[in-house]
Structures are given as structure tokens and as C-alpha cells.
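Before any comments, here is the structure.
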There are 2 protein chains.
Amino acid sequence: MTSDAPASPDTLDQSRLTRLLGFRITRTELRIRRLFLECMARFELKPVDYSLLVLVDANPGVNQRQLAEILDVSPPNLAIVVARLMKRGLLRQVRGQQDRRMQHLHLTAAGKELLDETELAVREMEARLLEQLGPTHGEALLAALARLEHLA
Amino acid sequence: MTSDAPASPDTLDQSRLTRLLGFRITRTELRIRRLFLECMARFELKPVDYSLLVLVDANPGVNQRQLAEILDVSPPNLAIVVARLMKRGLLRQVRGQQDRRMQHLHLTAAGKELLDETELAVREMEARLLEQLGPTHGEALLAALARLEHLA
DNA sequence: TATTGTTATACTCTATAACTATA
DNA sequence: TATAGTTATAGAGTATAACAATA
């Protein structure tokens, strides 16, 4: 090799990266994250906002420590998310009666309403992903991800 | 419902989230990213550093615009990564001779050496993931991710 | 003494505008 | 006029330490 130009002028050899599961998953995750951001833009909900609202809806009275653990967000950062959603009137904190340290979270009527409005968009996005995958690969992907939940 | 305590004291209902491909992929991606960070900690290489070095090794003389596109990093942010790796003596910029606007990148001897040192760790991590998946799910996951490359 | 949540703060990552030098 | 790369800067995301209130 004498020149300082790349071997292929336009196409790059990415094979050593695309072989790696980590690289592939990171790329796909980014693409899906952007898709979700678009889908939720009109509701002004980021992924973490949406996830939190869903969890509170499914588990009324859940406390912030539990949410922080599941969502993999530190308690200080979760407090920021909670404050943001409270300010929008979507979320309500209720001091624990037995244990007054806890803040039990509930959706407000507005929060429940907004969450309901998002449902169609979320289902459409999910359908779009499953359509892209086809029925076989859809199941396979979920099964594979389930196995990776138990990483040391 | 009268109490403000959650339905289940310890276990939360996450089913509405875990059904969603996006949520599952995000969680898995984060877990794998952390694993990779641990694997590369002793080399002081972040994912983007590693990816860039691999691409430059496989495509000597590649320019920064091409790298920015593939790595999904904006040109200003790529310049920061490049500067960091140059400061460590792992990377070398060569001004284009036909087109003097371009910076063609090459690994230095030290860069090539460090990259070679990482190879075992990277292969071990990949093997660990594939072992966790099992041969069937490993292939299936890669096939599914390939299909998601072509998202609108 | 340990736990829940908060405040403050720092660090990283990401995104954008404006600039240079070249074409 | 358009492109490659850089600088500067702002914003979002993430991490940690210290604190208040409660157990």
C-alpha cells in the first residue's frame, strides 16, 4: 500500500464491527429509539417518561425506589423525571401513611388520559417493527432478548 | 382501591413494558454496553473509540466524514474522539494530497498494537454472549437485527 | 444506623452554529 | 457555492456526594 486513500473510495469494510452483537444491538437500539421519539413527539413524552407512566398505571402507588430500580435510573435522576411529569399535571405523589419516607405515585386523570392517547401510536410502532421482522423473526428476537436478560 | 400502597409489595407488573420490543432492546443494549465498558476498561477504550480504531484498521486512509456517517456521530463530535485518540498516539491524520480538505486516518504502531491486545477480550465477550444465547438464538438474533437495519 | 427521596453538582454525550481551508 | 474539518457552546443524560426526614 502506497496511497493514503482508502482501499474502497465509497464503500467501507465494516465486517469486523457488524460481526459483533454489541455493535449491531447498539445500532438497532438507536434506530428504534429515534423512531419512538418521533412517535411520541406530539405527546412530548421521552422513553423514560412513557415507561414511568405505564409502570405507574399498572402499579398505582408504586414508590420511586422501585421505579428507579426497574428503569435503571438513579434516584436523583428519577426525581427529576417525576418533577417534570408532576409539573405537567400527569403525576401525583402521595406520602406513605405507614412509612412517611415513601412517595407513592399515581396517575392523575390527565396522566391517564394522555397515556390512553399514546396507546394507538405505540401499538402502531410495535406493529411496524413486527412487520419488518416477520412473524418468525419477531418471536425469535423476543426469545433471544429474554435469554440476554440473565447476563452476569 | 382504597390504599395508596402498590398492589404487589415487592413484585411490580412490568408486562406492558416487556411486551414492547423497544423497551426490551434498550434494556439489553444497556446491559451489553456496560459489559463492553468493563471488558475495555483496562485498555481505556470506550465503544466509540474501539469502533473507530477497528474501522481505521480495516480501512486505512478512511476520512472523518465517512467515519462520522457509519458511527452515527456528528463531525464535530467525531473530531473530539479523533483528537483524544491522537493525543494517546494511537491514531495519525494525513492530509489528503489530491484533496487537501480531507484528513485520512491511519493507526500508529501503538494503535495497532493496542487494538491487537483487545482482540482476545472482545472475542471472549462475544463468545460469552453467544453462549448465553445458545447456537440457535445467536443466529436468530443476528438475523432479526439484520432485518431491522432497513427501518424507514 | 439504614432507607427514601431531594438538592446540588460534575461529567459525559449529543446537537448546532459559525468558522477555516480547500475545492 | 459546496464540502471537510474544527472550534465553541448549549443541551440532555448520567453519576455521585451530601443532606433532610423518617424508620
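Chain letters run A, B, ... following the sequence lines, proteins first and then strands; every chain starts at 1. Computed from a predicted model, the values in this text were never measured in an experiment.
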Checklist entry - To the nearest angstrom, how far is R34(A) atom CZ from dT14(C) atom P? => result 9 Å
Checklist entry - Checking R92(A) side chain against H106(A) main chain: does a donor-acceptor pair fall under 3.5 Å? => result no
Checklist entry - Roughly how many Å is it from CD in Q64(A) to C1' in dT7(C), rounded to a whole number? => result 14 Å
Checklist entry - Over its full length, what angle do the end axes of the helix from dT1(C)-dA23(D) to dA23(C)-dT1(D) make, each axis taken from five pairs and the result rounded to 10 degrees? => result 10°
Item to check | Minimum heavy-atom distance R24(B)-L142(A), with the two atoms named | outcome: NH2-O, 3.4 Å
Next on the checklist: Check this one for me: any side-chain N or O of K46(A) less than 4.0 Å away from OP1 or OP2 of dA12(D)?
Outcome noted: no
Checklist entry - Hey, what do you get for CG (L30(A)) to CD1 (I25(B)), rounding to the nearest 0.5 Å? => result 12.0 Å
Next on the checklist: Are the side chains of R27(B) and D72(A) in contact, using a 4.5 Å heavy-atom criterion?
Outcome noted: no
Item to check | Approximate separation, where rounding is to 0.5 Å, of E117(B) CD and R42(B) CZ | outcome: 8.5 Å
Checklist entry - How close or far is atom P of dT12(C) from atom CD of E44(B), stated in whole angstroms? => result 12 Å
Checklist entry - Could you give the distance from CG (L151(A)) to OG1 (T28(B)), rounded to the nearest 0.5 Å? => result 8.0 Å
Item to check | d(CG, L71(B); P, dC13(C)) in whole Å | outcome: 14 Å
Item to check | side-chain N/O Q93(A) vs dT6(C) OP1/OP2, d < 4.0 Å | outcome: yes
Can you pull every protein N or O that's under 3.5 Å from an N or O on nucleotides 19-23 of chain C?
{"unit_1": "dA23(C)", "atom_1": "OP1", "unit_2": "Q98(B)", "atom_2": "O", "d": "3.3"}
{"unit_1": "dA23(C)", "atom_1": "OP1", "unit_2": "R100(B)", "atom_2": "N", "d": "3.0"}

Checklist entry - Starting at CG of L45(B) and ending at P of dT12(C), how long is that distance when rounded to a whole Å? => result 16 Å
Item to check | Between Y50(A) and F43(A), ring centroids under 6.0 Å | outcome: no
Checklist entry - Is a side-chain N or O of R88(B) found less than 3.5 angstrom from the main chain of E44(B), in a donor-acceptor match? => result yes
Next on the checklist: In whole Å, I'd like the distance from the CZ atom of R33(A) to the P atom of dA15(C).
Outcome noted: 11 Å
Checklist entry - Judged by atom type as modelled, is there a donor-acceptor pair below 3.5 Å linking the side chain of H137(B) to the main-chain atoms of A144(A)? => result no
Item to check | Interatomic distance, L30(A) CG vs dT14(C) P [rounded to whole Å] | outcome: 8 Å
Checklist entry - Once you round to the nearest 0.5 Å, how far does CG of L130(B) lie from CZ of R123(B)? => result 13.0 Å
Item to check | Distance below 4.0 Å between Q66(A) side-chain N/O and dT4(C) OP1 or OP2 | outcome: no
Next on the checklist: Nearest whole Å is fine: how far is dT4(C) C1' from L67(A) CG?
Outcome noted: 13 Å
Checklist entry - For DNA chain C, which residues in residues 73-91 of chain B have a heavy atom at a distance below 4.0 Å? => result S74(B), P76(B), N77(B)
Next on the checklist: Just so I know, are the side chains of I32(B) and M125(B) near enough to count as touching, which here means a heavy-atom distance under 4.5 Å?
Outcome noted: yes
